[in-house]
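Keep in mind that what you see is a predicted model, and the values were worked out from it rather than measured.
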Amino acid sequence: MKDVRDRRYVLANRVAEQLFGLPREQIVGKTTFDLFPRADAERIARDDDRSLQQPDGLFIDESPWQSQTLGLRYLTSRRTAVRDQTSAPSYLINVIEDVTERRQANETIAHLAHYDSLTDLPNRVLFREQMRRELRKAGKGGQFALLY
């Protein structure tokens, strides 16, 4: 959670500690620019600005994030403004979900559906999908060849 006025973190949980690679005592009171490389901090600041302009917040679906401690992760993010009595935003809450394992499981399932589990060679399902794709392209004037 950030204070909207100065964009300093006022709360951080264990997940934030893992993603930041810092204990919450070193997160609270800092800005995004204090904690992240400039390009990442600018991206976060832009998303924060966009969320404050939306009446119902901002949802960002599955985007890659280079964690300083965990490496490449895939995250979803929902930002919501907490408003005061005058409806002015006071705090910005960012709820992040790490969906890396789910994404990897989906990729594994997709691979198993298209490749033989014993030889890891492409199977007939993949062959048919690729043939359909190439035939559609050929129908639009493209060309392809099949060597069998």
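A donor-acceptor contact shorter than 3.5 Å links the side chain of N123 to the backbone of A113. In this structure, D47 contributes its side chain and I44 its backbone to no donor-acceptor pair below 3.5 Å. Distance alone, capped at 3.5 Å, is enough to place a donor-acceptor pair between the E17 side chain and the R24 backbone. Distance alone, capped at 3.5 Å, places no donor-acceptor pair between the S51 side chain and the G57 backbone.
Follow the hydrophobic side-chain contacts under 4.5 Å out from F36 and you reach L22 in the same cluster. Using a 4.5 Å cut-off between side-chain heavy atoms of Ile, Leu, Val, Met, Phe, Trp and Tyr, with links allowed through other members, F59 and L75 fall into different hydrophobic clusters. Grouping the Ile, Leu, Val, Met, Phe, Trp and Tyr side chains by contacts below 4.5 angstrom, directly or via other members, places L112 apart from L121.
Between K137 and E134 there is a salt bridge, since at least one side-chain N of the basic residue sits less than 4.0 Å from a carboxylate O of the acidic one. Using a cutoff of 4.0 Å between basic side-chain nitrogens and carboxylate oxygens, E129 and R133 are not scored as salt-bridged.
In this structure, F20 and Y9 have perpendicular ring planes: the angle between them is above 60°, well past the 30° mark.
The distance from the CD atom of E97 to the CD atom of E62 is 10.0 Å, given to the nearest 0.5 Å. Here R78 contributes atom CZ and D61 contributes atom CG; the two are 10.0 Å apart, rounded to the nearest 0.5 Å. Separation of atoms CG (D34) and OG1 (T31) is listed at 3.5 Å; rounding is to 0.5 Å. Once rounded to the nearest 0.5 Å, the distance linking CZ of R102 with OH of Y74 reads 13.5 Å.
In this structure, the side chains of L58 and Q53 stay at 4.5 Å or more apart for every pair of heavy atoms. Contact of the K2 side chain with the T32 side chain is registered, since non-hydrogen atoms from C-beta on lie closer than 4.5 Å. With a 4.5 Å cut-off on side-chain heavy atoms, M131 and L146 count as touching. Residues L92 and L52 meet the side-chain proximity criterion, which asks for heavy atoms closer than 4.5 Å.
Of all non-hydrogen atoms in G29 and R8, the two that sit nearest each other are O-NH1, 2.9 Å. Considering every non-hydrogen atom in both I27 and A16, the closest pair reads CD1-O, 4.1 Å. Scanning all heavy atoms of the two residues, the minimum distance from H111 to D120 falls at NE2-OD1, 2.7 Å.
In summary, the side chains of R79 and S77 do present a donor paired with an acceptor at a separation below 3.5 Å, with no hydrogens or angles considered.
For K30, there are no salt bridge (charged side-chain N to carboxylate O under 4.0 Å, His left out) partners at least two apart in sequence or on another chain. Residues meeting the salt bridge (charged side-chain N to carboxylate O under 4.0 Å, His left out) test with R7, sequence neighbours left out: D49.
Residue E101 places its CD atom among more than 12 non-hydrogen atoms of other residues, nucleotides or ligands, all under 6.0 Å distant. Sparse packing is recorded around CZ of F127, with 12 or fewer heavy atoms of other residues, nucleotides or ligands lying under 6.0 Å away.
Within the hydrophobic cluster formed by Ile, Leu, Val, Met, Phe, Trp and Tyr side chains joined at under 4.5 Å, directly or through other members, I93 is accompanied by M1, V10, L11, V82, Y91, V95.
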For this session: Kindly indicate, with the supporting measurements, whether the criterion side chain to side chain contact (heavy atoms under 4.5 Å, CB included) is fulfilled by W65 and R43.
Result: CA-CA 11 Å; W65 181 260; R43 183 172 112 193; 3.1 Å; yes
Problem set entry | Audit row: V15, I96, side chain to side chain contact (heavy atoms under 4.5 Å, CB included) steps and yes/no | CA-CA 8 Å; V15 174; I96 295 174; 5.6 Å; no
